[in-house]
Number of protein chains: 2
Amino acid sequence: MPTQSRAAVSLQSALPATDADEWEDLLHRATTRPKRAPDRKQDRSKRTEQQILNAALRVFARDGISRSRIADIAAEAGISTSTLYEYYKSKEDLAYDLPTSHLVTFFEEYRTAVAGRTSARDKLQLYLSMSADFAREHAEWGRLFYLEIWPSVLVSETELRHSVDDFARIVLYLIDEGVRQGEFPAGRNTYETASLLLGAVNQVIITWLLYRRPRNLTKASAEITERVLNMIANEKD
Amino acid sequence: MPTQSRAAVSLQSALPATDADEWEDLLHRATTRPKRAPDRKQDRSKRTEQQILNAALRVFARDGISRSRIADIAAEAGISTSTLYEYYKSKEDLAYDLPTSHLVTFFEEYRTAVAGRTSARDKLQLYLSMSADFAREHAEWGRLFYLEIWPSVLVSETELRHSVDDFARIVLYLIDEGVRQGEFPAGRNTYETASLLLGAVNQVIITWLLYRRPRNLTKASAEITERVLNMIANEKD
DNA sequence: ATTTTTTTCGACGTTTTATCGGAAATATTG
DNA sequence: CAATATTTCCGATAAAACGTCGAAAAAAAT
């Protein structure tokens, strides 16, 4: 039971003893980012909070963050504007907190799905395909995250930044692992390789979110991921 | 004919007679996008317009579009808010018109620089390196364009969209040309290859704009471009 | 010099954001 | 259960940003 022992260890020391530990640690941190919102006492509040998040996602995805109005979000959530301000201190605050929970869900789903895989390449393939699929399945979230928040300068000032960093860090780690295990040739700049992979897949996702091209995102992202991983694996040292 | 690769961009004019013509036509259209702003009579106006654009670029790059205030931009430009509204009907209008002139300048610089090159691969290498260098040299513009406007859903509703389409269309065309001339293996989805190239380079540019990493963008972008082009050229059919 | 056109700006109305004090709902205590 | 305390919600209203308009100033034309 790796999860439990991991949790125990991470309380004690920051430095994992083994590679497997480090990988577990990475996934663990990604799935346990602290929630920014202060805990509410009543159940009613949790419902309200959820209504706000649902409404905000719909409105932001429909109108874009800048054109969305707080009043519209509140109305959509069935509460008054001033109540919304009890939960989020500004529109920006809401927009940049909103994607967190989905992101954590994605990491959790990946963590479960990756359990069987052993090779770094398989793990990478799964990770990138799943990220595209997740954007397709949660297209409203995808629009918000990929088209408005991730590239934004503002993200670097928010808590969400940590999750975004986790996102890239996992790719980076897996490439390193692949090199260590001889699946990928050494002698290449790992950051560069990561940019290549992440950039290519994100480009496909973004194009899909904007134009719904290619028609079949799942197939297209699996294809490009496979292709790039092949290229990387077959590169001359 | 790879009709699929044409799908994402809409070619509007009649088909030129030869390849060389088509290439010239592509560059010509990119450098002659009509200006949206109505022509002003007095020189004073042109100066004012320029002051607005300079001020807006500074303010947008510093605060981000959403946090920027029209009043701040007007003050920075040394004019009153109401005068600004004589030139642009809203903040959004200004933000999405602003990057056009720089983009046209980029296409012009590329057009001049590419004149000597003959192989499609050389042209691609130059194009992508120059795009990174241009972002580095005009970092404020780069922040606005790459981090706020390009990925935005809103861009698809603006005139700027045409220039953005040109940007991708050129990569697409050069890959096609490379395949036709036997520099790149056939049998690959051109659109996919373009995503790969553009995604990788943009990822590097965006990371540099956000974190100033890698330190030397010129070197890094040349390196990753070279690497990806090699990969593509050496791919098995 | 006078008239016409273009450009600028201050004054002001509108929309959106944000705050605050108290009412309503829920939880706690005796 | 009643009284009290806490939490949540909302109407009224302040503050800030957006956007309009008519008239003054500047430039051009006659």
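Every chain is numbered from 1 and lettered A, B, ... according to where its sequence line falls, protein lines coming before strand lines.
- Contacts of residues 64-84 of chain B with DNA chain C (heavy atom under 4.0 Å): B:Ile79, B:Ser80, B:Ser82, B:Thr83.
- Scored by the side-chain hydrogen bond (donor to acceptor under 3.5 Å, both in side chains) test, B:Glu137 finds no partners at all (sequence neighbours excluded).
- In terms of the side-chain contact (heavy atoms from CB on, under 4.5 Å) criterion, residue partners of B:Pro151 (sequence neighbours excluded) are, by chain and number, A:Pro151.
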Problem - Where protein sits on nucleotides 22-30 of chain D, one letter per nucleotide: B base, S sugar-phosphate only, - none, heavy atoms under 4.0 Å - result: ----SS---
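- In summary, B:Glu49 and B:Arg40 do not engage in a salt bridge, as defined by a charged side-chain N under 4.0 Å from a carboxylate O.
- Applying the side-chain hydrogen bond (donor to acceptor under 3.5 Å, both in side chains) rule to B:Glu192 yields the partners A:Arg227; only residues at least two apart in sequence or on another chain are considered.
- OP1 or OP2 of D:dC9 lies within a sub-4.0 Å distance of a side-chain N or O belonging to A:Tyr87.
- Under the ring pair (Phe, Tyr, Trp, His ring centres under 6.0 Å) criterion, A:Phe167 pairs with A:Phe106, A:Tyr127, A:Trp150, sequence neighbours left out.
- Of the two residues contacting DNA chain D, namely A:Ser45 and B:Lys89, the nearest-nucleotide position lying further toward the 5' end is that of A:Ser45.
- Here the range on DNA chain C touched by chain B, meaning any atom under 4.0 Å from one of its heavy atoms, is C:dT6 to C:dG10.
- A:Asn216 meets the side-chain hydrogen bond (donor to acceptor under 3.5 Å, both in side chains) test with no other residue; sequence neighbours excluded.
- Legend: residues meeting side-chain contact (heavy atoms from CB on, under 4.5 Å) with A:Ser156, ordered by chain and number and at least two apart, are A:Arg161.
- Atom-to-atom, CD of B:Glu92 to P of D:dA17 comes out at 18 Å; the value is rounded to the nearest Å.
- For A:Arg143, there are no salt bridge (charged side-chain N to carboxylate O under 4.0 Å, His left out) partners two or more places apart in sequence or in a different chain.
- In this structure, CZ of A:Arg40 is placed 13 Å from C1' of D:dT6, rounded to the nearest angstrom.
- Within the 3.5 Å criterion, the main-chain N or O of B:Leu126 finds no donor-acceptor partner in the side chain of B:Ser129.
- Sequence neighbours left out, the pairs with a member in residues 66-75 of chain A that pass side-chain hydrogen bond (donor to acceptor under 3.5 Å, both in side chains) are A:Arg67-B:Glu92, A:Arg67-B:Glu157, A:Arg69-A:Asp72.
- For the side-chain contact (heavy atoms from CB on, under 4.5 Å) test, residues two or more places apart in sequence or in another chain that qualify with A:Leu57 are A:Leu98, A:His102, A:Glu140, A:Trp141, A:Leu144.
- Between the P atom of D:dA17 and the CG atom of B:Asp63 lies a distance of 11 Å, rounded to the nearest Å.
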